[in-house]
Number of protein chains: 2
Amino acid sequence: MATIGDVARVAGVSRSTVSYALSGKRSISGDTQRRIQAAIAELGFTVNAGARALATAQTMSIGLLSQFHQDEFAPAMLQYIRSVCDAARQLGYDVLFVTDGDGAGAVKRITSSNQVDGVVLLDVTHADPRVAPLRAARQPGALIGLPSDTAGLDVFDLDFGESARMLVDHLYGLGHREIILISPPEHVFERGGAYGWRFRDAAIERAGRYGIRIHPHFGESQQPAIGVNINAVLDARKSATAMIVHNDATVAALPIVLQARGVRVPDDLSVASLYSRDFGRIFSLPYTAVESSPDKLGRLAVQQLVRRILDPDQAGPTVVKFIAPELMDRGSTT
Amino acid sequence: MATIGDVARVAGVSRSTVSYALSGKRSISGDTQRRIQAAIAELGFTVNAGARALATAQTMSIGLLSQFHQDEFAPAMLQYIRSVCDAARQLGYDVLFVTDGDGAGAVKRITSSNQVDGVVLLDVTHADPRVAPLRAARQPGALIGLPSDTAGLDVFDLDFGESARMLVDHLYGLGHREIILISPPEHVFERGGAYGWRFRDAAIERAGRYGIRIHPHFGESQQPAIGVNINAVLDARKSATAMIVHNDATVAALPIVLQARGVRVPDDLSVASLYSRDFGRIFSLPYTAVESSPDKLGRLAVQQLVRRILDPDQAGPTVVKFIAPELMDRGSTT
DNA sequence: CTTCATCGTCGAACCGCTTCGACAAAAAGG
DNA sequence: CCTTTTTGTCGAAGCGGTTCGACGATGAAG
């Protein structure tokens, strides 16, 4: 493997000159520049990332922490992962992808060993154990999902409250006066998935303001429980004319369950949900829904993280940004 | 940030002694050992991964290359990613996850800059552009998916030929004499996804041997094209009694499409496919299928890769391992 | 024709850790 | 009791880069 010393020798200059030619931090004469480039090409030289990281105290990679819970419905996760990776790469960063069961330990490990310049946490819960070690780390952190304490960290999330209100408004405007709400499974609430109650509470509050009825239920995360659950709910709420589904697993299975039951959408039941365009495409979902924008969230998180990496002080106070929901009308409501 | 020098000073020993205490490569007296541990605890010292990597020429991380093609059906990918990450972590390696559009460039970048000790390539195609730069790299590589030239690299893949034969055998044994085969979309064949033709050719060959009819068709990758396609195929092959689906996107959408068409499985049509247990669970798929074992493939690839990293010479000649398919009978065939 | 910047280059120090050879002290062997 | 071996520790060199200060050469200003 060629080192910068080899390049220097072949080009007949000192190592520091090669380094400056590479970084452009000092001016180099045209002739020298050319000899160095020739030597680099001849030797097939590439900078050793580890050595550079040691010297500059910059690894040019960020950590991405993703949890895979038992019984969790993961497909949507991939979109966040992708957008984070793409955004990072675009800014010149590589991604260290960590899926340790012990998320807090993983955060401590990669930050304290200086393997990364910053960390993105995916799917952050209310009392997420990864937040404390990240806050304690030297590196900045960006979260996707809202924890109880956001001090010292940048947070990005969909505005679930506004999403819920938007959907209730939409259905109310169409004349619906009794609505079923399928929330995430109970274990998501227990684990502290704040988006669950942020959405539900806002929906209930809004329905209350309109004086209409809303029936909140937990979703299930796996078949056949999903089908059983939906059927039970529909049986129990025969007079409801619309359903809001705030759960990936349920909405993915919904078309089949409804078809099996002989329920036509939107003739018999109006359905509205919350998922991303890509998610809907993958599962062939025909429902009017709030766009969950994983691509936008991932990008924003990374951009802010990199801003902080480059200029820890100038980047200003930490941010909590709820991105505005957007309703995609696919005609599943009347 | 505490360095090994700080620990040495606090413990009253030399830096090398601390290093040996950490690695256990030379014996250390009990007393010294204790003082060093105390100093480490007091200072909250962690080894700087970059510095260690530079000194040992080992990064303790592996690269994982994943491509996201336009219009590709990605959910299954996540299972490979997960199993690779889990296996790597279990062996003490972190994962540098790379999704660059330019896969070949990415391989060159992370290997020549010594960011990783080895590389796993996901979803390898027949003439995969990433294979050549990986072969040229100093680091070993493991592939999931079969390229045309496997020289110098370990390859792991499901035995698609045997899978196809197993499914044809299964249906033939149940009395079926005319079978529809839905292969991956045409663009997968064009891109060189060898699993497409490996499966199809074997199925055709086997059907030929039995003297039964098989109708190969390409699948589609997105709704609504998938539904249109399946309906067209079923219309064109009215006398077929069974269908083999070798395509994630199609099989995921199949329940809905068949239900809409009023086709009951297995009464009207026997259906067999190829996907993983988890994939089936996510999409609520009820079909008898060959298990695609992404978890096993990921694990095998990583284990072999690490074996080669640890002992480049002793690990023996490169391996091409087709893992044996396993039929999961879910009762969708009669 | 001095004086002073500016430009281009070099040498040395440093980033934080590992490892080799050396060596004194303690333990084992004859 | 004197070798010989083993044990525990140290200093220095090296991994492959970056960066700072110094310095001669060149050009501009007075």
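Below, chain A is the first sequence line, B the second, and so on; all start at residue 1.
- The OG atom of B:S19 sits 8.0 Å away from atom NZ of B:K25, with the distance rounded to the nearest 0.5 Å.
- Taking a cutoff of 4.0 Å between a charged side-chain nitrogen and a carboxylate oxygen, A:R299 and A:D86 do not qualify as a salt bridge.
- For DNA chain C, the outermost nucleotides in 5' to 3' order that have an atom under 4.0 Å from a heavy atom of chain A are C:dC7 to C:dG16.
- Rounded to a whole Å, the CD1 atom of A:I4 is 14 Å from the P atom of D:dC15.
- Paired with B:T125 under the rule side-chain contact (heavy atoms from CB on, under 4.5 Å), one option of B:Q67, B:E190, B:R191, B:R130 passes, and it is B:R191.
- Across all strands, B:T46 comes closer than 4.0 Å only to sugar-phosphate atoms, never to a base (heavy-atom distances).
- There is a side-chain donor-acceptor pair under 3.5 Å between B:Q304 and B:R307.
- Recorded end-axis angle for the helix from C:dC1-D:dG30 to C:dG30-D:dC1 stands at 40°, based on five pairs per end and rounded to 10 degrees.
- Put simply, the residue from A:L96, A:L64, A:I62, A:L65 that forms a side-chain contact (heavy atoms from CB on, under 4.5 Å) with A:V119 is A:L65.
- Salt-bridge annotation for B:D157 and B:K321: absent, with no side-chain N of the basic residue lying under 4.0 Å from a carboxylate O of the acidic one.
- If you measure from atom CG of B:L54 to atom P of D:dG14, you get 14 Å, rounded to the nearest angstrom.
- In this model, the phosphate group of D:dG16 is not approached by any side-chain N or O of A:R52 to a distance below 4.0 Å at OP1 or OP2.
- Just one of A:I28, A:V7, A:V18 meets the side-chain contact (heavy atoms from CB on, under 4.5 Å) condition when paired with A:V13; it is A:V18.
- Nucleic acid contact class of B:S19 (heavy atoms, under 4.0 Å, all strands): base.
- A side-chain donor-acceptor contact under 3.5 Å links B:S14 and B:T17.
- Between A:R135 and A:D149 there is a salt bridge, with a side-chain nitrogen of the basic residue lying less than 4.0 Å from a carboxylate oxygen of the acidic one.
- B:D31 and B:R35 are joined by a salt bridge, as a carboxylate oxygen and a charged side-chain nitrogen come within less than 4.0 angstrom of each other.
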Expected rows: protein N/O vs nucleotides 5-10 of chain D N/O, under 3.5 Å:
from   : atom 1 : to    : atom 2 : distance (Å)
D:dG8  : OP2    : B:S27 : OG     : 2.3
D:dT9  : OP1    : B:S29 : OG     : 2.8
D:dT9  : OP1    : B:T32 : OG1    : 2.1
D:dT9  : OP2    : B:S29 : N      : 2.9
D:dT9  : O4     : B:R26 : NH1    : 2.8
D:dC10 : OP2    : B:S14 : N      : 2.7
D:dC10 : OP2    : B:S14 : OG     : 3.2
D:dC10 : OP2    : B:T17 : OG1    : 2.5
D:dC10 : N4     : B:R26 : NH1    : 3.4

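- Using modelled atom types and a 3.5 Å distance limit, the side chains of A:T318 and A:D154 yield no donor-acceptor pair.
- Atom CG of B:N48 is separated from atom P of D:dG16 by 17 Å (rounded to the nearest Å).
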